[in-house]
> 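Encoded as structure tokens, here's the structure I'll be asking about.
Because the structure is predicted, anything quoted here is derived from the model rather than measured. Both ligands and their constituent atoms are indexed starting at 1 by order of listing.
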Amino acid sequence: MERILVTGGAGFLGSHLCERLLAQGHDVLCVDNFFTGTKANIAHLTMQPGFEFIRHDVTFPLYVEVDKIYNLACPASPIHYQFDPVQTTKASIHGAINMLGLAKRVRAKILQASTSEIYGDPEIHPQKESYWGRVNPIGVRSCYDEGKRCAETLFFDYWRQHRLHIKVVRIFNTYGPRMHPNDGRVVSNFIIQALRGEEITVYGDGTQTRSFCYVDDLIEAVLRTMTTPDEFTGPINIGNPVEFTMLELAELVLKLTRSNSKLVFKPLPSDDPRQRQPDISLAKEVLGWSPITELEQGLERTIRYFKDRTDVI
Ligand code: NAD
Ligand code: UDP
Ligand code: UDP
């Protein structure tokens, strides 16, 4: 049994991670400021004796005693991270500094939830960890992209300078139950629009691609990364390499929800990457992992979750 800190633990990915760690018998300290996370996401965990919650903003120092840290606290969807861009950069950078300082003091192993966004609008496809990326430093996505890039820098400098045991995972688009209904991400948007019988908003011509990983697969890879030998730092790509266009996704959502909603085409947001697909050779080799949930299967579970959200549908 270990004492494990999960920052951003009341969010989409964080709540699934807390759940899995508790199921493994660990003591879980969930830290969140509820910017995008909710009490509802962790309500089912609060009765478990191993679970503890602190409402706290990671841009401020935190003094606790733990063995491991998963640093997930950061608004993650464009709508949320562009709402207060300065705060987004602070969450990434000040948050990383504080959690690394904490890890250094208690000699905890620390994992950073980085993102495929650090590759920007990539010139190489699929993206390997060795690719440095093509990121606009002054655009509307930069608060998130550059914040996450600098957080990676900090992790590697604490590793080089203080010999901290770090792990950096680069997460690609992930979906599943407990996604935020208003975060504007494509999977939640399309499902909610289809269930409500509203128009399905396709941005651009819908030929841009993404590869979607189901949350259970993602969490499995994150947990496995933490158990790798100390000399393994990452960065390591985690995601599902099967690529779909947004038009294909829309058609699949319409089929699974049996919805009559019509597609409507809207302007493409600025800096929207044309395509994105992880090269997961490293994850296969080091973690012995690859995703097992088909998009259709994962969408069905996510659709069921949103159907039960009577506050949303
Ligand atoms: P989310 O918005 O559901 O979760 C983020 C959580 O962090 C929320 O609970 C939020 O309240 C909390 N938070 C934000 N700022 C905070 C602060 N200053 N102090 C304390 N808590 C704070 O998003 P998610 O999809 O669960 O993402 C979790 C992590 O994974 C993020 O770091 C994100 O960048 C990364 N990630 C997610 C995806 C994805 O597809 N979901 C892809 C790449 C990377
Ligand atoms: N910090 C923290 N919790 C701790 C230890 C440190 O939040 O248990 C914060 C501390 O406020 C500091 C940051 O982490 O600003 C970086 O700590 P570090 O020791 O690396 O740097 P220094 O204190 O020398 O600036
Ligand atoms: N998208 C869309 N309709 C929506 C929301 C998003 O067509 O209602 C598109 C968006 O332009 C992007 C893709 O879907 O090309 C994925 O968007 P999301 O915000 O989910 O993830 P990200 O852009 O961060 O990969």
> Does ligand 3 come near enough to V186 that some N or O of the ligand is less than 3.5 Å from an N or O of the residue?
yes

> For the 3.5 Å polar cut-off, considering only N or O atoms, please tell me whether A73 and ligand 1 meet it.
no

> For a distance cut-off of 3.5 Å, show me each N or O of ligand 2 paired with any protein N or O, plus the separation.
from	atom 1	to	atom 2	distance (Å)
ligand 2	3 (N)	L62	O	2.7
ligand 2	7 (O)	L62	N	2.9
ligand 2	7 (O)	L62	O	3.4
ligand 2	8 (O)	R105	NE	2.6
ligand 2	8 (O)	R105	NH2	3.0
ligand 2	14 (O)	I97	O	3.4
ligand 2	19 (O)	K104	NZ	2.9
ligand 2	20 (O)	K104	NZ	3.3
ligand 2	20 (O)	Y158	OH	2.6

> For ligand 3, find out whether one of its N or O atoms is nearer than 3.5 Å to an N or O atom of R185.
no

> Report yes if the side chains of L13 and V215 come closer than 4.5 Å at any heavy-atom pair, otherwise no.
yes

> Can you figure out which of D57, N41, L72 has its heavy atom closest to atom 29 (C) of ligand 1?
L72

> Is there a heavy atom in K266 that sits closer than 4.0 Å to ligand 3?
no

> What atoms of ligand 3 come closer than 4.0 angstrom to any heavy atom of V202?
7 (O)

> Just to confirm my output: which protein heavy-atom neighbour is closest to atom 14 (C) of ligand 1, and how far is it?
C74 N, 3.6 Å

> Should you measure from each heavy atom of R276, which atoms of ligand 3 turn up under 4.0 Å away?
22 (P), 25 (O)

> Can you list the ligand 1 atoms lying under 4.0 Å from a non-hydrogen atom of G11?
3 (O), 4 (O), 8 (C), 9 (O)

> With a 4.0 Å cut-off, would you call R210 and D272 a salt bridge?
yes

> Starting from the C-alpha separation in whole Å, work towards a yes-or-no answer on side chain to side chain contact (heavy atoms under 4.5 Å, CB included) for T302 and Y214.
CA-CA 9 Å; T302 314; Y214 187 64; 4.0 Å; yes

> Measure S116 to ligand 3 on non-hydrogen atoms and call it side chain, backbone, both or neither using the 4.0 Å cut-off.
neither

> Give yes if a backbone or side-chain nitrogen or oxygen of P75 is under 3.5 Å from a nitrogen or oxygen of ligand 1, and no if not.
no

> Give the atoms of ligand 3, by number and element, whose distance to some non-hydrogen atom of G184 is under 4.0 Å.
5 (C)

> Given side chains that start at C-beta, do those of F172 and C213 come closer than 4.5 Å, heavy atoms only?
no

> Please report which non-hydrogen protein atom sits nearest to atom 13 (N) of ligand 1, along with the residue it belongs to and the distance in Å to one decimal place.
N33 OD1, 3.4 Å

> Do NZ/NE/NH1/NH2 and the carboxylate oxygens of R170 and E117 come within less than 4.0 Å?
no

> Counting distance only, does the side-chain N/O of H180 pair as donor-acceptor with the main-chain N or O of S77 below 3.5 Å?
no

> Answer yes if M226 and F155 sit in the same cluster of Ile, Leu, Val, Met, Phe, Trp and Tyr residues linked by side chain heavy atoms under 4.5 Å apart, and no otherwise.
no

> At less than 4.0 angstrom from any non-hydrogen atom of N173, what atoms of ligand 3 do you find?
21 (O), 22 (P), 25 (O)

> Hey, which atoms in ligand 3 end up nearer than 4.0 Å to a heavy atom of N189?
4 (C), 5 (C), 8 (O)

> Output yes when E296 and R301 qualify as a salt bridge under the 4.0 Å nitrogen-oxygen rule, no when they do not.
no

> Taking 4.0 angstrom as the limit and counting only heavy atoms of G8, give me the atoms of ligand 1 inside it, by number and element.
6 (C), 7 (O), 9 (O), 12 (C)

> For ligand 1, find out whether one of its N or O atoms is nearer than 3.5 Å to an N or O atom of G37.
yes

> Any N/O of F12 closer than 3.5 Å to an N/O of ligand 1?
yes

> Counting non-hydrogen protein atoms only, what is the nearest one to atom 26 (O) of ligand 1? Give residue, atom name and distance.
L13 N, 2.8 Å

> Salt bridge check: are E146 and R141 linked by an N-O gap of less than 4.0 Å?
no

> If you look at every heavy atom in T46 and F51, which pair is closest and at what distance?
CA-CD2, 3.8 Å

> Could you list which atoms of ligand 1 come closer than 4.0 Å to a heavy atom of F34?
11 (O)

> Whether R3 and D27 form a salt bridge (side-chain N of Lys/Arg under 4.0 Å from carboxylate O of Asp/Glu) is what I want to check.
no

> To which protein heavy atom is atom 9 (O) of ligand 1 closest, and what is the distance rounded to 0.1 Å?
D32 OD2, 2.5 Å

> Does a side-chain heavy-atom distance below 4.5 Å link V31 with F53?
no

> With a 3.5 Å distance limit and no angle check, can you tell me whether T7 reaches the backbone of L72 through a side-chain donor-acceptor pair?
yes

> Would you call E251-K255 a salt bridge at under 4.0 Å N-O?
no

> Under 4.0 Å from any heavy atom of F35, which atoms of ligand 1 are there?
11 (O)

> Distance to 0.1 Å, residue and atom name: give those for the protein heavy atom nearest to atom 20 (C) of ligand 1.
H56 O, 3.2 Å

> Assess, by modelled atom type and distance only, whether the side chains of K167 and T228 contain a donor and an acceptor separated by less than 3.5 Å.
yes

> Identify whether the distance between the nearest side-chain nitrogen and carboxylate oxygen of K262 and E199 falls below 4.0 Å.
no

> Determine whether V187 and F212 satisfy the following criterion, side chain to side chain contact (heavy atoms under 4.5 Å, CB included), listing intermediate values before the conclusion.
CA-CA 9 Å; V187 174; F212 300 102; 3.8 Å; yes

> So which heavy atom in the protein is nearest atom 34 (O) of ligand 1, and how far is it from that ligand atom?
Y144 OH, 2.6 Å

> Are any of the N or O atoms of T36 closer than 3.5 Å to those of ligand 1?
yes

> Of the protein's non-hydrogen atoms, which lies at the shortest distance from atom 19 (N) of ligand 1, and what is that distance?
V58 N, 2.9 Å

> Does R224 use its side chain to pair, donor to acceptor, with the backbone of L287 at less than 3.5 Å?
yes

> Report yes if some N/O of N173 lies less than 3.5 Å from some N/O of ligand 1; otherwise report no.
no

> Can you tell whether the side chains of D57 and K90 come within less than 4.0 Å, N to carboxylate O?
no

> Taking distance alone, with no angle check, do S116 and ligand 1 share an N/O pair under 3.5 Å?
no

> Distance under 4.0 Å to a non-hydrogen atom of M246: what atoms of ligand 3 satisfy this?
13 (C), 14 (O)

> With the threshold set at under 4.0 angstrom, would you say Q87 reaches ligand 1 through any of its heavy atoms?
no

> Check each atom of ligand 3 against the heavy atoms of R141 and keep those under 4.0 Å away; list them by number with element.
22 (P), 23 (O), 24 (O)

> Near K148, which atoms of ligand 1 are under 4.0 Å from a heavy atom of that residue?
31 (C), 32 (O), 33 (C), 34 (O)

> If you count the atoms of ligand 3 from 1 in the order shown, which ones are under 4.0 Å from a heavy atom of T201?
2 (C), 3 (N), 4 (C), 7 (O), 8 (O)

> With no hydrogens and no angle check, is any side-chain donor or acceptor of S211 less than 3.5 Å from a backbone partner on V242?
no

> Any carboxylate oxygen within less than 4.0 angstrom of a Lys/Arg side-chain nitrogen, looking at E19 and R178?
yes

> Closest non-hydrogen protein atom to atom 23 (O) of ligand 1, residue and atom name please, with distance?
A76 CB, 3.5 Å

> Is it true that atom CD of E294 has more than 12 heavy atoms of other residues, nucleotides or ligands lying nearer than 6.0 Å?
no

> Does atom CZ of F34 have more than 12 heavy-atom neighbours from other groups under 6.0 Å away?
yes

> Look only at interatomic distance and state if N71 has a nitrogen or oxygen under 3.5 Å from any nitrogen or oxygen of ligand 1.
no

